[in-house]
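Every chain is numbered from 1, with letters handed out A, B, ... down the list of sequences.
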There are 2 protein chains.
Amino acid sequence: MSITIKEIAEKANLSIATVSRALNNLDNVKPATRDLVLSIAGELNYKPNVIARNLVKNTSNIIGVVLPQIDGEFFSEIIHGIDEIAYTGGYHVIVASSHSQRTVAQSIINFMGETIVGGMIILAPMINDQIREIIKGTSVPTVIINGRTHLDNIDTVSIDNYQGAYSMTEYLIKIKGYKKIAHIKGPILNTDASMRYKGYIAALKDNHIQIDESWIINGEFTAESGENGCRRLLSLNEKPEVIFAGNDMMALGCFRVVKAFGMKIPNDIGVVGFDNIMLSEFASPRLTTVHVPISEIGKTATEILLKRMKTTSDNNFKHLKISTGLVIGDSC
Amino acid sequence: MSITIKEIAEKANLSIATVSRALNNLDNVKPATRDLVLSIAGELNYKPNVIARNLVKNTSNIIGVVLPQIDGEFFSEIIHGIDEIAYTGGYHVIVASSHSQRTVAQSIINFMGETIVGGMIILAPMINDQIREIIKGTSVPTVIINGRTHLDNIDTVSIDNYQGAYSMTEYLIKIKGYKKIAHIKGPILNTDASMRYKGYIAALKDNHIQIDESWIINGEFTAESGENGCRRLLSLNEKPEVIFAGNDMMALGCFRVVKAFGMKIPNDIGVVGFDNIMLSEFASPRLTTVHVPISEIGKTATEILLKRMKTTSDNNFKHLKISTGLVIGDSC
DNA sequence: ATCAAATTTGTAAACGTTTACATTATTAAA
DNA sequence: TTTAATAATGTAAACGTTTACAAATTTGAT
């Protein structure tokens, strides 16, 4: 069995209360005794029993992370970001990735139901009413990543998709001189997707470029849907000069189709994306895209969460936007 | 506050002991009372406090997963596999990914020190003496993925790298008719890498092909090291006909260099890899490689772990090998 | 109906902490 | 010194379970 404060107390001729206070260096404990306790603790290689502490404190130093079905790269990067901050704060990270056996909503309910987590980070690009209701009813501090920001009784962290798409579109217009700019959108209910679309539209309008509905295609953020979108665009009478795909996977889908059509990127048509995934670095030509600092999103969300876990009575909810940056490749 | 067995006991006019027994449907509890308890529990939406249970049972329904710095795809797949099995068994998964703040060894010590995990899965392609010592001294049930199998007082799950590399090499020789087969190895201390190398050598020997040391290059499992290796191979007087890279990332590095040299794959030189990562699907031509069922590894490891967590007194340690399969692309 | 055995339930301690409250020791002012 | 204020420590309850052990109830054979 492992060392408990009881043993330390015995060895130091103190009560367990004082030992506890000394270890957590609380209010009134004489420096000499604190040093004594600490040295004995070190000697015995004492490690606090987190479970016991959690029980009495009615909370937990575990952060639950709920993830939808997402790309492996995004998955690992976000966990890394969360884990790094959590670790330095003495917290652990439980992941609940969505799979055949479990939906996002179920994961959340699970986490809250068992007393297992002291805080939650939910990655929900497509937050729906069900999830919203569940979260509303909980007392577990929660941060949502990529939620609609108008969930205002909860902290949120999101990518500044609007700004990213706006910058990219403006870059295509002002720097590259394109006028015929197509866009392949992401899933309809996906917040990221719709904000990117809005940024694209706004940049066109601000630069007095006529919006052509036939150049706006629905996609699903998958390579395949990018292929389909691209095929449709290339079969139009009036083809666009450049395709702004809602994400990199779709852009890579476009790459495939363009090549299959025997056309050259960027000479015959430009293709740009959004996300800056690792894959895009291996594409040839190198993809011009919008960099999303995934790990930073995780870190920021965790920082906010830890603060909230420490001070519950703060009604000032944060809505942070993580800004993006253009990555200039050779694809337009 | 949430519902406890105390409240159920009150409502049912029973002691908390009986309620506990009923909920865990233990030995001797009258069917009628069990039903009563269960219905009240359902009514009140009772969820057991796992923390309290863990405290008294001196264990935990949390599995700690220790991961080194690995590729995002591998990371997420393995977690998925682990999580899926863990979830159906009522377990949670804590991840400790290695990052700037923490090494693998530290993660393990952390997990064991705090009472936080009831079992561990350690992904350690480069298991060293330090880690071995730490694991030896723990009472936490542990499964190692990719460890040397000669750690015989512990369960292990590993990829059958030898068989995979052997099959690939044999395929190159017998089906494709290659005789000049180069190999770019992975990191020296990496078990996967060395087993792959051994498989390659064995297949050459078994097919009576002279081994040429200048065609065997050290790599680091990174795209860059693949580039370097390829560059060296292409600058030899007697060039190989095909390069068997120790993993896909290095194979993709080769792709880049071959293209930069103005050569064509597979006409001028063949390139094959190992792992079957998603990236390789996007390479052109499609990479011929060895498929590693990552998710299945995670699942298998978890199944073994859960069994061991339930019955501690089993000294019959398992050493499972997950077999691989060839994926035929167009790169050789 | 009686008694022993078997079944079912209850009592209370335990798990390792934290913390309100009580007690004791120390300090500083009178 | 005495006394009051302050600082340091101790006592004991609490967190929500599980589980030996004890007690009570039911069952079945006589």
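- Remark: A:S20 is in phosphate contact with C:dT18, judged by side-chain N or O atoms under 4.0 Å from OP1 or OP2.
- For the pair B:K57 NZ and C:dA13 P, the interatomic distance rounds to 22 Å; values are reported in whole Å.
- With DNA chain C read from its 5' end, the first of the two nearest nucleotides for B:P31 and A:Y46 is the one closest to B:P31.
- Summarising the geometry, the separation between CG on B:D35 and C1' on C:dT8 is reported as 15 Å, rounded to the nearest angstrom.
- To the nearest angstrom, P of D:dT26 lies 6 Å from NZ of B:K30.
- At least one side-chain heavy atom of A:N54 sits under 4.5 Å from a side-chain heavy atom of A:N61.
- Backbone-only engagement by A:L14 is indicated by non-hydrogen atom pairs under 4.0 Å involving sugar-phosphate atoms exclusively.
- Inter-residue side-chain proximity for A:P141 and A:M120 is flagged as unmet; no heavy-atom pair is nearer than 4.5 Å.
- Side-chain nitrogen and oxygen atoms of A:T18 include none within less than 4.0 Å of the OP1 or OP2 phosphate oxygen of D:dT9.
- For the pair A:I51 CD1 and D:dT17 P, the computed distance is 14 Å after rounding to whole Å.
- The distance from atom CG of A:L55 to atom P of D:dT18 is 12 Å, rounded to the nearest whole Å.
- Shown are A:L38, A:V37, A:L36; of these, the side chain to side chain contact (heavy atoms under 4.5 Å, CB included) with A:I40 is made only by A:L36.
- In this structure, A:I121 and A:I63 have side chains that are in contact, with non-hydrogen atoms separated by less than 4.5 Å.
- Nucleotide D:dG10 holds its P atom 8 Å from the CZ atom of A:R21, rounded to whole Å.
- Side-chain nitrogen and oxygen atoms of A:N28 include none within less than 4.0 Å of the OP1 or OP2 phosphate oxygen of D:dT6.
- As judged by a 4.0 angstrom heavy-atom cut-off over every strand, B:N24 is placed among residues touching the sugar-phosphate backbone only.
- Contact annotation: B:T4 does not reach the phosphate of D:dG16 (side-chain N/O to OP1 or OP2, under 4.0 Å).
- Taking only side-chain atoms of B:V29, from C-beta outward, the nucleotide of C:dT18, C:dA12, C:dT9 with the closest atom is C:dT9.
- Comparing atom distances between the A:N49 side chain and each of D:dT18, C:dT17, D:dG10 picks out C:dT17 as nearest.
- D:dG16 atom P lies 16 Å from atom NZ of B:K47, rounded to whole Å.
- The NZ atom of A:K6 sits 12 Å away from the C1' atom of C:dT17 (whole-angstrom rounding).
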Would you please test B:I8 and B:K6 for side-chain contact (heavy atoms from CB on, under 4.5 Å) and show each step?
CA-CA 5 Å; B:I8 299 180; B:K6 217 168 153 186; over 6 Å; no
